[in-house]
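A note on names: the letters A, B, ... follow the listed sequences, proteins ahead of strands, and every chain is numbered from 1.
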Amino acid sequence: MTISNASQDSLLSGLNDKQLEAVTLPHQSALILAGAGSGKTRVLTTRIAWLIQTGQVSPTGLLAVTFTNKAAKEMLTRLTAMLPINTRGMWVGTFHGLCNRLLRAHHREALLPATFQILDSADQLSAIKRLMKVMNVDDEKFPPKQVMGYINSCKEEGLRAQSVDAYDPHSQRMREIFEEYDKQCQREGVVDFAELLLRCYELLSRDTNIRQHYQERFKYILVDEFQDTNKLQYMWLKLFAGMSKEEPNNCIFAVGDDDQSIYSFRGARVGNMRDFEVDFKVQNIVKLEENYRSHSNILDAANAIISNNKNRLGKNLWTSAGAGEPVRVYQAYNDIDEASFIVDEVKILHNDGWALNDIALLYRSNAQSRVIEHALFSHNIPYRVYGGLRFFERAEIKHAMAYLRLINNPEDDIALLRVINFPTRGIGARSLEQLQESARAQDCSLWQAAINKVGNGRPGKGLEGFVALIKQMQDDAKGLTLTEMTEIATTISGLKNFYKLEKEGEDRIANLDELINAAVSFMNNNSDALEDNSNGLTEFLTHASLEAGEHQADVGADALQLMTVHAAKGLEFKAVFISGLEEGLCPHENSLYENNGLEEERRLMYVAVTRARQRLYLSHAQSRMLHGQIRYGIASRFLDEIPDALLKRLNSKQAPKPSMSSNYDNSYQSASAARSSEQKSAMPWKIGQAVSHAKFGQGVVVSYEGNASDMRIQINFGREGLKWLAMEYAKLEKA
DNA sequence: GCACCCCAACTTTTT
DNA sequence: GTTGGGGTGC
């Protein structure tokens, strides 16, 4: 060891016993069960710093994998703060980023062109639609989105078309599309996200030399958010680790939290944690349970909720911070009342000096934000919604990027199709079909086909113009910097002029200008990493696909934070509102039909609760507008799972507020009043009335039908679902 | 080629 | 209620 004990001490000082144990584990595979707010990122980065500082590994001898670019960046930032090292050349990144890097380095062995492009989801979908047209597939029977999901989940299981089971005609056709899709991608030199991983995995399994090279290089492999890995990612990690006797047996330091696994819908397998324990003979799991974020009332609530899950590795968060405030529960009359409650509370907090940035409003589904946004807007409370379109996903940016892609490689059919007639230049569906037809006949790219048409004369004015435009752009681009090329792509293409003429095109033009800025800063940040002869274009295109950019600009201003619970994972706020805690929304009704769906919903609730540092509000509404209809829900079972002693109920009575927003009130009344006027006398229960049933428990009256002698009543029993009961026999009581 | 209309969907999402 | 995609008509 070349480093003095003193500086080692400073690196390790302030860690608790468990954190210290994790950071200084000997050379062996380890599973760190890191609870919410337990200092997970700190442990991970300190582990890396410690390994380097004690001379056990050089910065280039380790591999650190994350899921998001944000997490990777954060890790590098913290690392440079701890150690005076140059992080360039270190393999710290996302699964996709690292696979991309490896495939670029070995593109020949991976059978890819050096300039292979990465399809984002939108590109992939349009590629599939295009293929399905060629193959004459009925998109009623095979919705392109489903086909895409099928292809991606196959790849995420590590499967190619040849190895997929298909016993019925439908799945056989599906498999056929999968196979043709892969051929099309190969022809066009493009890879989708899942392909990046699968291609990389296959390359390493096939090519012993390359595999050995990396296995010898990466003695230490560190994985963040291990509970979110899918099957292929786990297989990929095993390859790097080297599992067989002859292989080096590198060790994996896996950090994760099974209780925060909320991404099974996109292929994540919590089970990888248990498999890892067995496969890598993990001796003991290090549990980080001391929480540095929340007061204990909040943690106790979270612990109580999650303890209802059966399949857990087991963990209980604790804090030395004291009980803190009770968890506040508000029962709202309807969604609008819920929103106005939140607005009132936020105002109070803000007046008391809380920064809006420190307050988050969480919901299960994006649709719920509308009502709240409306309330915030009319009360002039600044807010920021996370989610939605990101920079490189905006239409105008994708158009400009398509021109750049064509400069880079005109055979890029996807890019060509996107802009061949945008801005419009008289190439309609007819001429496009002809072009695609002749490309198919000649078995070449659309660009080649277009060139041939122009060469043969009578290509049509539009097509001739397009070919000339791209050729001119390519000519102009020679010797230009990336920034200048980007300018060309937005101007010569006619994009800017097009948006200038549009009524509401200012934002789009501003975005196009922002794209030029993005190119400038990309070059500033990466110029020394680029090869000497590279103008950075391929790298910039990759950057755009792999890092779609921040969701929204002006992050600086103080604003209330609105986001889904999923988007809140990994974040923390001084005060958190969790809204819409009703059966059907949270847990979401769809989840109840899924395997272990309820447990995942409960983990979602757990994630939501553990975001709060100091104050936590839970709210539910007796009725809310959903899909254009009023729905009556009962309180989420997750609320019942919190011990009463931790709660403070702000209004347990369901009396409607007199100050209700009038238009909603009317629409609410008209819905129920319309029916009750028909059969008022026969109806003993009002719609929205909470009732209890001997067998089904608590419920809410949703609707009814029939006449006085034969009336049926529909009740939402939450966990038991919607039930029709005959009035005559059902023994209902007011709840 | 484009504007307009209708109908269906509608949980969560990173790369 | 809203949005987006697809189809139709000028």
Side-chain angles (χ1 to χ4, degrees), chain A residues 65-72 93-100 118-126 129 139-140 143-145 149 152 155-156 191-198 200 224-225 228-230 232-233 261-268 335 362-371 373-374 386-390 392-393 395 421-432 462 542-549 551 563-570 580 584-594 597 600-601 603-605 607-608 624-631 664 667:
Chain A
V65 203
T66 63
F67 276 87
T68 64
N69 292 299
K70 199 175 150 204
T94 62
F95 279 100
H96 295 86
L98 296 172
C99 286
N100 172 60
I118 299 163
L119 302 186
D120 66 19
S121 315
D123 292 335
Q124 187 187 16
L125 187 63
S126 67
K129 283 184 182 163
D139 57 7
E140 296 262 288
K145 283 212 177 103
N152 288 341
K155 289 187 180 182
E156 278 160 10
V191 296
D192 57 51
F193 287 133
E195 183 73 22
L196 276 174
L197 274 127
L198 184 53
C200 183
D224 191 18
E225 306 279 13
D228 287 338
T229 51
N230 62 34
L232 177 58
Q233 285 159 340
S261 160
I262 55 173
Y263 283 112
S264 72
F265 70 92
R266 65 177 199 213
D335 48 352
L362 311 184
Y363 34 81
R364 174 71 232 281
S365 73
N366 286 304
Q368 286 168 254
S369 75
R370 223 195 80 248
V371 174
E373 282 185 70
H374 180 79
Y386 286 78
L389 270 198
R390 314 207 306 176
F392 283 103
E393 290 166 355
N421 199 34
F422 194 92
T424 48
R425 45 178 75 88
I427 305 175
R430 180 73 53 79
S431 20
L432 199 56
T542 301
H543 166 81
S545 325
L546 241 35
E547 257 180 87
H551 280 290
M563 65 192 85
T564 63
V565 180
H566 281 93
K569 189 172 159 220
L585 252 186
C586 181
H588 196 277
E589 52 196 347
N590 294 1
S591 73
L592 302 178
Y593 307 107
E594 285 159 17
E600 177 139 333
E601 294 291 300
R603 292 194 289 267
L604 206 47
M605 181 71 186
V607 167
R624 77 170 61 240
M625 200 65 117
L626 208 65
H627 306 323
Q629 275 183 331
I630 295 170
R631 290 247 307 227
Y664 188 87
S667 70

- Would you indicate what K569(A) reaches in the nucleic acid, counting non-hydrogen atoms under 4.0 angstrom: base, sugar-phosphate, or nothing? nothing

- Message: Less than 4.0 angstrom between a side-chain N/O of N421(A) and OP1 or OP2 of dG1(B), yes or no?
- Response: yes

- Query: Below 4.0 angstrom from OP1 or OP2 of dT12(B), is there any side-chain N or O of N366(A)?
  - Reply: yes

- Scan A548(A) against the nucleic acid and name what it touches under 4.0 Å (heavy atoms): base, sugar-phosphate only, or nothing. nothing

- Task: Among the candidates dT11(B), dT14(B), dT13(B), find the nucleotide nearest to the side-chain atoms of T564(A).
- Result: dT13(B)

- Could you give the CG-to-C1' distance, from D123(A) to dT15(B), as a whole number of Å? 13 Å

Any N/O pairs under 3.5 Å between the protein and nucleotides 1-4 of chain C? List them or say none.
from   : atom 1 : to      : atom 2 : distance (Å)
dG1(C) : O6     : H627(A) : O      : 3.4

- Along DNA chain B (nearest heavy atom to each residue), the more 5'-positioned of R266(A) and T424(A): T424(A)

- Message: Please check: side-chain N/O of E156(A) versus main-chain N/O of N230(A), any donor-acceptor pairing under 3.5 Å?
- Response: no

- Message: Just the rounded figure in Å: distance from P of dT13(B) to CZ of R603(A).
- Response: 17 Å

- Please evaluate the base of dT15(B) for a donor-acceptor partner in the side chain of S545(A) within a cut-off of under 3.5 Å? no

- Message: Once you apply a heavy-atom cut-off of 4.0 Å, does Y263(A) come out as touching a base, just sugar-phosphate, or nothing?
- Response: sugar-phosphate

- Can you name the nearest heavy-atom pair linking A71(A) to T68(A), along with the distance? N-OG1, 3.1 Å

- Would you mind reading off the distance between L626(A) atom CG and dA9(B) atom C1', rounded to a whole angstrom? 13 Å

- Ignoring the backbone of R364(A), work out which of dG6(C), dT15(B), dT11(B) is nearest its side chain. dT11(B)

- Message: side chain to side chain contact (heavy atoms under 4.5 Å, CB included) for H96(A) and I118(A)? Distances and angles first, verdict last.
- Response: CA-CA 10 Å; H96(A) 295 86; I118(A) 299 163; over 6 Å; no

- Query: OP1 or OP2 of dG1(B) sitting under 4.0 Å from any side-chain N/O of R425(A)?
  - Reply: no

- How many Å lie between CG on L119(A) and P on dT15(B), as a whole number? 17 Å

- Message: Using whole Å, what does the distance between atom C1' of nucleotide dG7(C) and atom NZ of K129(A) come to?
- Response: 14 Å

- Rounded distance in Å between the C1' positions of dT3(C) and dT14(B): 23 Å

- Query: Between dT13(B) atom P and K145(A) atom NZ, what is the distance in whole Å?
  - Reply: 15 Å

- Gap separating the CD atom of Q368(A) from the CG atom of L362(A), nearest 0.5 angstrom: 10.5 Å

- Task: For F265(A), report the nucleic acid contact type (base, sugar-phosphate, nothing); a contact means any heavy atom under 4.0 Å.
- Result: base

- Nearest-nucleotide check on DNA chain B, H588(A) vs H96(A); residue mapping nearer the 5' end is H588(A)

- Message: As an exercise, state the distance from CZ of R603(A) to CD of E601(A), rounded to the nearest 0.5 Å.
- Response: 9.5 Å

- Roughly how many Å is it from CD in E195(A) to C1' in dT15(B), rounded to a whole number? 14 Å

- First locate atom CG of L196(A), then atom CG of L232(A), and finally report the distance between them rounded to the nearest 0.5 Å. 10.5 Å

- Message: How long is the straight-line distance from NZ of K569(A) back to OH of Y263(A), given to the nearest 0.5 Å?
- Response: 6.0 Å

- Item | Closest listed nucleotide, where the reference is the side chain of H566(A) and the choices are dT11(B), dT15(B), dT12(B) | dT12(B)

- Task: Whole angstrom is fine here: how far is it from CD in Q124(A) over to C1' in dT13(B)?
- Result: 14 Å

- For E594(A), which contact category applies under a 4.0 Å heavy-atom criterion: base, sugar-phosphate, or nothing? base

- Query: Using a cut-off of less than 4.0 Å, is there contact between a side-chain N or O of N69(A) and OP1 or OP2 of dT15(B)?
  - Reply: yes

- Note on the structure: Interatomic distance, SG@C200(A) vs CD@E195(A), rounded to 0.5 Å, equals 11.0 Å

- Query: Across the strands shown, which category fits L362(A) at heavy-atom distances under 4.0 angstrom: base, sugar-phosphate, nothing?
  - Reply: nothing

- Message: Keeping N421(A) on the side-chain end and G462(A) on the backbone end, is there a donor-acceptor pair under 3.5 Å?
- Response: no

